Number of protein chains: 2
Amino acid sequence: MANGTGPLGGGNARPTMADIARELGVAKITVSRALSDSPTVKESTRRLIRDTAERMGYRLNISARNLRQQRTRTIAVVIEMAPSHDRLMSEPYPLSLLGGIMQELTAAGQNMVLTTIELFAQHPPSADGVILLGQGVHDDAAAAIEATGLPYVVWGAAHGPPGRVVVGSDNRAGGRLAADYLRARRRRALLFLGETQHGEVEDRLQGFADALKGSDAAVIDRIACAFTAAAGREAVDRLLAEGTAFDGVFAASDAIAMGAIEALQARGLSVPGDVSVVGFDDSPGAAIVSPKLTTIRQDWAVGGELLAKKVLDLVAGKGADSRAMGVELVARES
Amino acid sequence: MANGTGPLGGGNARPTMADIARELGVAKITVSRALSDSPTVKESTRRLIRDTAERMGYRLNISARNLRQQRTRTIAVVIEMAPSHDRLMSEPYPLSLLGGIMQELTAAGQNMVLTTIELFAQHPPSADGVILLGQGVHDDAAAAIEATGLPYVVWGAAHGPPGRVVVGSDNRAGGRLAADYLRARRRRALLFLGETQHGEVEDRLQGFADALKGSDAAVIDRIACAFTAAAGREAVDRLLAEGTAFDGVFAASDAIAMGAIEALQARGLSVPGDVSVVGFDDSPGAAIVSPKLTTIRQDWAVGGELLAKKVLDLVAGKGADSRAMGVELVARES
DNA sequence: ATGAAAGCGCTAACAT
DNA sequence: ATGTTAGCGCTTTCAT
C-alpha cells in the first residue's frame, strides 16, 4: 500500500527557488540568499521568503548546489572488507568508530556515505574526502582511494608511505602493557594469537615481544587467527591437543581471548590459575565473561572523531598529521 | 605534509566529458553515451572514448548526473539516536543491520548515507529513499522523515499507521518462546526487564504475558530498564535488596540479561539453579558468558537486507509490505 | 551512428 | 538591498 512520490504528479513536483521567486515577485537569487542566511537580505524579506518556502514545502536540491559549488559536503567512509555478515560483527572496527566519525561530521554539517572498498573502486561516490577503515593486508584499498585523487585518512597502523595520514591506537604500547602484565604475574611461556599480516596486529606483537626482551619470559608460539572467538578457541584447542605448554596468552582481540579461555576451561585448565589471558579492545562483553577479561582498551569513539577532524582539515587544505592514540590496560581477573 | 588536491591546479582540474569530446573531435553526448554503454555507439568509438577517458583520468561528476536525472541512487539510513558512545557500543543491533543493508544496497549499485535523525531533520541529505532504524518512543523520527515526502521503511515494531512499511523481528513470538522455556523449567515468579516504551520491547512483554495466561506462572514485576548490562544489574540488585523473590527472568536484551546474572551471582544465587534467565538477541557474547545465556535469536543481517530491498522497491514505485521475521530460542545453560 | 540545443536547480560574479 | 547573466557537467529530446 505504499504510494511513494510517484511521477504522476498532479503538478505537485517539488518546488524550486524559481517557484518561490515567481510567487513572491522577487529574483531567485534573492531566494537563494535568504535561505542561506546571507546578511545582504533585508530581515523582512528573508522572513517572508523563508515562510513562503516552508509553506510551499520547498527543499533545497543538493545535487544542484553541489554541482554549482563544486563540492559535496560529504565524506566517504570506506570499510575495507566485503560486507559479509559474520565478518562485520567480528572485525575490530565496531560501530563506535562510526559513531565518533558521525558525531564529528554531523557537527561540521557534513554527510557521510558508507561504502565498501569494492563498491568504492567501481563507483566512487561523490565526496570531498575519504576515511578508510583498515588498510587490508596489502595496500590495495589505499591505492584505490589514491586513484581518485581525493584527500583521505586511514584508521590503522602507520606502515604506509610517510605522507599518509593515519590515525590509530598505539598498538606497540598496547603490546608492551600486555607483556608487563603477564610478566608481573610470572608468566613465562607466552602465546600470541592474531593475524600479523594485519598491520595493527603486527605492531601489537612487536610491542609485546620488545617488552619481553631481557626477561625470562618469551613468546613460545604465535598463531595467525581471525578476529573471532571461534578462531581463538580452535587455535588454543589445537595447541593443547598437541601438548604445547604455556601459561600466558596475549590475544589480538577480546573475541579471540574469550575463545581461548573457553578452550582452556574445556580442557580443565583454570584462568587465571593456570594461564593468564590478556585481550585487546575492551569490548562490551569483556567485563561480563567469567573470568572477567583483562584487556587493552582503545578508544574508538575518539579515534573516529580524530579521523573526521583530520579529513575535514585536509579537505579544507589545512594539512594534518598522523596520530597514535594512547591505550590503557584494564586489569580484571584473567 | 598532506597535499590534497589544492585549488592551485596548474590547469589540471578534473576533466569533463566536454574535454574528452574536444580531444577526440566528437560531441560530448557521444562521450556520455559511450561511457554509459549505450548500444547506439559504435564499438570502436566506444573503445576509443573509454580509453581516452581513462588516460585523461576522467571521473563522472555525480552531482551533475543526479541533477539532470533527478535522482541520486542513494538511500539514507537514519539512526534514531544521538551518536552517543555507550549506546552505540551496547546496542549491537545497528552494526549487523547495517551490514545487511550495505550488502543489499551495494548489490543494487546504490550508495548509502548514514545520518542521525537530528541531522536528517536539519539537513535532509539528497537521497531517493530512507531506512529508519528504530522508531523511538514517540513517532517523532518517522514524522521527520514523512515531512520529506521520501519513501521510507522502518526497523522496529508495527505500531504506527497501517500504511507504513515496517521490518522487524516477531517480538511477540520471541516473548512466547521465552515464556515456554521458563514454564518448562517450572519457573513461576517471573521478572520482565526492559523499557516497554520501546515498541519492540512492548511486544516482547506482550507475547511473554500472553503465553503465561492460564498457567501457574506469572509476571510478578516488570522493570523499565535501558539496554545495558549496568541497567540490568542495578534493577535486579535493587529487587533482591528489597527482598523480592523470583525464579525466572526475561530480559529485553542479552546485555540486560548478563547484568542480571551478575547481580544474582553477586548475591550468591545460582543461575540456573535458583533462577533461570532468558535474554534477547543472541549477541556475540551470549555463548561465551558463564553460564552460557539462553536467548532469543533475531537475524539482523537478513533484516537489513529486507529493509534495503523494500525501500528500493518503494523507490521504484513497486510497493512493499511489512514483515515480522521469525525468531528462534537458543537454549543454552541459563 | 552521431550531433545540436536545451535545461536540470542552484549560486558566483558583476551590475544596479 | 536586489537583480541579471551565466554556467557548473551532465543527459533528454529532437534532429540528421
Side-chain angles (χ1 to χ4, degrees), chain A residues 5 7 9 12-50 52-53 56-74 123-128, chain B residues 5 7 9 12-50 52-53 56-74 123-128 148-149:
Chain A
T5 37
N12 61 353
R14 253 170 62 174
T16 70
M17 287 188 178
D19 295 326
I20 298 172
R22 201 174 313 114
E23 175 95 1
L24 291 164
V26 299
K28 59 182 182 172
I29 184 66
T30 306
V31 176
S32 172
R33 291 203 260 246
L35 294 180
S36 58
D37 277 324
S38 157
T40 71
V41 174
K42 208 176 16 176
E43 177 55 30
S44 59
T45 316
R46 182 194 351 266
R47 200 180 305 273
L48 178 63
I49 289 174
R50 296 205 93 105
T52 310
M56 296 175 69
Y58 173 79
R59 294 208 313 117
L60 177 66
N61 182 317
I62 289 164
S63 296
R65 182 181 62 182
N66 286 347
L67 174 60
R68 178 65 241 228
Q69 299 191 326
Q70 302 285 67
R71 69 185 164 141
T72 66
R73 295 167 194 259
T74 295
H123 314 283
S126 66
D128 300 331
Chain B
T5 37
N12 61 352
R14 251 170 64 174
T16 71
M17 288 186 177
D19 294 327
I20 298 173
R22 201 174 314 114
E23 175 94 2
L24 268 57
V26 299
K28 60 181 180 173
I29 182 61
T30 305
V31 176
S32 172
R33 290 203 260 246
L35 293 180
S36 59
D37 278 324
S38 158
T40 71
V41 175
K42 208 176 14 176
E43 176 56 29
S44 60
T45 317
R46 185 200 341 272
R47 201 180 303 273
L48 179 62
I49 289 174
R50 296 206 91 105
T52 311
M56 296 175 70
Y58 173 77
R59 294 209 313 117
L60 177 66
N61 182 317
I62 289 164
S63 296
R65 182 182 63 183
N66 287 346
L67 173 59
R68 179 64 240 223
Q69 297 190 329
Q70 302 285 67
R71 65 174 170 159
T72 66
R73 294 166 196 259
T74 295
H123 314 284
S126 68
D128 300 331
T148 66

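Predicted model only: the values in this text are computed from it and were never measured. Below, read A as the first sequence line, B as the second, and so on, with proteins coming before strands; counting in each chain starts at 1.
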### Side chain to side chain, A/M17 and A/I29, heavy atoms closer than 4.5 Å
no

### Query
With a 4.5 Å limit on heavy-atom distance, are the side chains of A/Q70 and B/N61 in contact?
yes

### Task
Classify every nucleotide of nucleotides 7-16 of chain D by which part a protein heavy atom approaches to under 4.0 Å, writing B for the base, S for the sugar-phosphate alone and - for neither, in 5'-to-3' order.
BBBBBB----

### Query
Hey, is the side chain of A/T30 poking within less than 4.0 Å of OP1 or OP2 on D/dT2, counting only N and O atoms?
no

For [X] versus [Y], what's the shortest heavy-atom pair and its separation?
{"X": "A/N66", "Y": "B/S63", "value": "CB-OG, 3.2 Å"}
{"X": "A/A53", "Y": "A/L35", "value": "CB-CD2, 4.1 Å"}
{"X": "A/A64", "Y": "B/L67", "value": "CB-CD1, 3.7 Å"}

### Residues forming a side chain to side chain contact (heavy atoms under 4.5 Å, CB included) with B/T52, sequence neighbours excluded
B/I20, B/E23, B/L24, B/L48, B/R55, B/M56

### Task
Not counting sequence neighbours, which residues clear side chain to side chain contact (heavy atoms under 4.5 Å, CB included) with B/R71? List them please.
B/Q69, B/R73, B/D128

### Query
Taking only residues at least two apart or on different chains, which pairs with a member in residues 30-42 of chain A satisfy side chain to side chain donor-acceptor pair (under 3.5 Å)?
A/D37-A/R50, A/S38-A/T40

### Task
Have a look at the helix from C/dA1-D/dT16 to C/dT16-D/dA1 and give the angle its two end axes make, five pairs each, rounded to 10 degrees.
30°

### Task
For B/R59, enumerate each residue passing the salt bridge (Lys or Arg N to Asp or Glu O under 4.0 Å) test, keeping only those at least two apart in sequence or located in another chain.
none

### Query
Which of residues 42-50 of chain A have a heavy atom under 4.0 Å from DNA chain C?
none

### Task
Go through the structure and list residues passing side-chain hydrogen bond (donor to acceptor under 3.5 Å, both in side chains) with A/R46, not counting sequence neighbours.
A/E43

